[in-house]
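Just so it is clear: chains get the letters A, B, ... in the order the sequence lines come, proteins before strands, and each one is counted from 1.
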Protein chains: 2
Amino acid sequence: MEKKESVRQEIIEAARQLFSRYGFRKTTMEDIARLTHKGKSSLYYYFKNKEEVFRAVIIHEASILRKALKEATTGISDPAEKLEKYMRVRMNTMKELINYYEAVEHEHDSHYSFVDQLRDQFDQDEAQAIRRILDEGVAQDKFQPLDTELAANTLVIAMKGLEYPLVWKGSAQNLNKRIQKIMKILFYGLLKR
Amino acid sequence: MEKKESVRQEIIEAARQLFSRYGFRKTTMEDIARLTHKGKSSLYYYFKNKEEVFRAVIIHEASILRKALKEATTGISDPAEKLEKYMRVRMNTMKELINYYEAVEHEHDSHYSFVDQLRDQFDQDEAQAIRRILDEGVAQDKFQPLDTELAANTLVIAMKGLEYPLVWKGSAQNLNKRIQKIMKILFYGLLKR
DNA sequence: TAGTTTTTCGACCATTTTGTTAAAATATTC
DNA sequence: GAATATTTTAACAAAATGGTCGAAAAACTA
């Protein structure tokens with residue numbers, strides 16, 4: 001029963017490589033099979049279908065992102081600093097996950113696919129995480145009292161806004177500057193003077 | 001009659017991007033059409049078929065490589081130096097063309113395809129170019145008298161030998177060291193003491 | 001403007017690729 | 001060696017793809 005999970009993991013890793021290089025559409029089950037040294041049909045013993053493989057890959061990546069965020073922010077006590085670090089890490093890590101979004105984003109036929117659902121779920125989690133930071137800031141009397149739920153959602157939307165241009169231009173320098181700008185505006189309106 | 005050629009060039013450029021990213025197989029005519037903002041059928045007005053597009057791209061790339069080689073070596077008078085520069089530039093430029101070779105190399109069904117022919121042609125040209133450098137070295141009395149045709153062919157083969165591992169490991173550092181080594185051996189046998 | 005040539009494109013076809021399934025075959029465990 | 005787990009084979013429907021053809025559109029010419 002342990003073996004099956006490890007093979008699943010192998011498949012996920014192989015699929016991850018292929019999806020990130022070729023996108024969802026251009027990656028075939030045979031590609032994945034070849035890379036795992038298996039027959040194409042064998043994959044269906046571990047996953048119901050191609051979409052399931054893709055979903056597993058995305059979930060895996062998302063968990064990595066979550067872990068990276070937690071790790072990066074966990075030592076920081078100052079909420080402002082933590083927030084800035086959070087956004088920076090999140091943007092930079094996201095740069096590498098963009099492929100997946102891009103891969104399916106361009107298949108806008110059947111809307112509200114499972115990717116949209118996953119994205120929504122992730123956005124919700126993210127808003128919650130950010131809200132916790134904001135709450136901390138308010139509790140420590142470093143942020144002005146505010147509707148943290150609304151503010152968190154706003155921040156998520158702002159990050160999504162930054163995310164999209166990323167697909168077109170991978171200009172990390174420009175991105176960091178934009179983050180800085182947003183953070184500056186944000187803090188000067190947020191921090192108690 | 002001028003316009004047609006410029007459109008051809010546009011198509012080639014678009015195809016170049018796609019082929020280098022996805023390889024020959026995974027790049028479809030519709031991909032190329034989409035990137036050129038044209039209907040798929042329109043492409044067949046400029047090229048007989050997909051293979052022709054591919055061939056045009058490769059020829060284009062080869063001419064770029066040739067130009068780069070000429071440009072890089074044209075100012076150098078010392079044959080030994082010129083030879084070293086030639087090999088270095090060739091290897092490093094080739095790194096970016098590898099995709100094409102890789103793309104079709106893995107379709108070893110119908111052998112002696114047009115890619116093999118093109119490659120042979122290129123090898124021949126290359127042997128000639130190298131031979132010219134060697135002749136220069138001999139004429140300048142800096143190289144020992146030798147069968148320059150044979151030596152040139154040997155060098156081409158040596159470079160091809162270096163080329164193949166490149167497909168698997170893009171370790172530029174390792175590559176440069178190997179070039180250095182070969183050049184060292186080559187020169188200590190070649191240079192007059 | 002009418003006619004001629006060049007260029008684009010949608011509809012269509014033949015073939016190949018691809019995702020998926022079911023059953024047979026093989027390996028592993030007990 | 002029965003039972004279970006895993007892989008392979010074969011097959012097939014649906015989708016994708018390379019390519020053709022003719023007609024429409026655009027550009028050009030007179």
Regarding A/R25 and B/D31, does a basic nitrogen lie under 4.0 Å from an acidic carboxylate oxygen?
no
Checking D/dG18, C/dT8, C/dT20 against the side chain of A/K50 (C-beta onward), the nearest is C/dT20
Atom CG of B/L43 and atom C1' of C/dT7 are separated, to the nearest Å, by 12 Å
- Task: Select base, sugar-phosphate, or nothing to describe what A/T36 touches, counting heavy atoms under 4.0 Å on all strands.
- Result: nothing
Taking C/dT6, C/dT20, D/dG18 as options, the one with an atom nearest any side-chain atom of B/Y45 is C/dT6
Start with the C-alpha distance between A/L43 and A/E30, add both sets of side-chain angles, then the distance that settles side-chain contact (heavy atoms from CB on, under 4.5 Å), and finish with yes or no. CA-CA 9 Å; A/L43 302 179; A/E30 217 169 280; over 6 Å; no
- Check: C/dT20 base within 3.5 Å donor-acceptor of A/S41 side chain: no
Atom CG of A/L18 and atom C1' of C/dT18 are separated, to the nearest Å, by 15 Å
When A/Y46 and B/K40 are each assigned the nearest nucleotide of DNA chain D, the 5'-most assignment goes to A/Y46
query = Is B/K4 positioned over the aromatic face of B/Y45, cation under 6.0 angstrom from the ring centre and no more than 45 degrees off axis?
reply = yes
Side-chain atoms of B/K38 come closest, of D/dT8, D/dG19, C/dC9, to C/dC9
Within 45 degrees of the ring normal and closer than 6.0 Å to the centroid, is that where the cationic atom of A/K70 sits relative to A/Y86? no
Rounded to whole Å, CD of A/E30 lies from P of D/dA16 at a distance of 17 Å
Whole-Å distance, A/M29 CE to C/dT16 C1', equals 19 Å
Separation of D/dG18 atom P from B/F54 atom CZ, nearest Å, is 13 Å
| query | Thinking salt bridges, do A/E136 and A/K82 make one under a 4.0 Å N-O criterion? | reply | yes
Checking C/dT7, C/dT18, D/dT20 against the side chain of B/Y44 (C-beta onward), the nearest is D/dT20
Give A/K48 one of three labels, base, sugar-phosphate or nothing, depending on what nucleic acid heavy atoms sit under 4.0 Å from its own. sugar-phosphate
Picking from C/dA11, C/dT7, D/dT8, the nucleotide nearest the side-chain atoms of B/K4 would be C/dT7
Between CD1 of A/I32 and C1' of C/dT20 the distance, given in whole Å, is 14 Å
Salt bridge check, A/E84 against A/R88: does any charged N sit closer than 4.0 Å to a carboxylate O?
yes
In whole angstroms, the gap separating P of C/dT18 from CZ of A/F47 amounts to 20 Å
Side-chain contact check for A/N49: nearest option of C/dT17, C/dT20, D/dT8 is C/dT20
Kindly say if A/R25 contacts the phosphate of D/dA16, meaning a side-chain N or O under 4.0 Å from OP1 or OP2.
yes
Which part of the nucleic acid does B/T28 contact within heavy-atom distance under 4.0 Å: base, sugar-phosphate only, or nothing?
sugar-phosphate
note: B/I11, atom CD1; C/dC9, atom P; distance rounded to Å ~ 11 Å
Do the side-chain N or O atoms of B/S42 get closer than 4.0 angstrom to the phosphate oxygens (OP1, OP2) of C/dT7? no
